[in-house]
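See structure below.
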Amino acid sequence: MILKEDILKVKGDLITSDKKMPLKYSAVSINSAEVAGGNIFIALKGENTDAHKYLDDVIKNKAGIIFVNQSWFRII
């Protein structure tokens, strides 16, 4: 179980449109196909693919929190 307080300790900025963030999250995924409602998704850029390409799917699956690369965030 991951607590909201632990997430807030992550270095960087937390930008959210939801003021009522859940207090607990039950799963973390780096695979966009496995994200379920309320889960945490971490977008990684690897040698073969860049998970940032699949963020539309992650949002449609209602991920609770999405971690993205700062350089990706600057281009949107």
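Treat the numbers as computed from the prediction; the structure is a model and nothing was measured.
- I66 and Y54 end up in different hydrophobic clusters when Ile, Leu, Val, Met, Phe, Trp and Tyr side chains are linked at under 4.5 Å.
- Here the side chains of F41 and I65 are not in contact, with every heavy-atom distance at 4.5 Å or above.
- Expressed to the nearest 0.5 Å, how far CG of D56 lies from OG of S32 amounts to 10.5 Å.
- Residues V35 and S29 have side chains in contact (heavy-atom distance under 4.5 Å, counting atoms from C-beta outward).
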Exercise. Decide yes or no on side-chain contact (heavy atoms from CB on, under 4.5 Å) for L55 and V68, but give the supporting numbers first.
Key: CA-CA 9 Å; L55 292 179; V68 297; 3.7 Å; yes
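- Qualifying side-chain contact (heavy atoms from CB on, under 4.5 Å) partners for L44, counting only residues two or more places apart in sequence or in other chains: I30, I42.
- The minimum heavy-atom distance between A51 and A43, with the atom names listed, is CB-CA, 3.8 Å.
- Listed for the N61 side chain is no donor-acceptor partner under 3.5 Å among the backbone atoms of A63.
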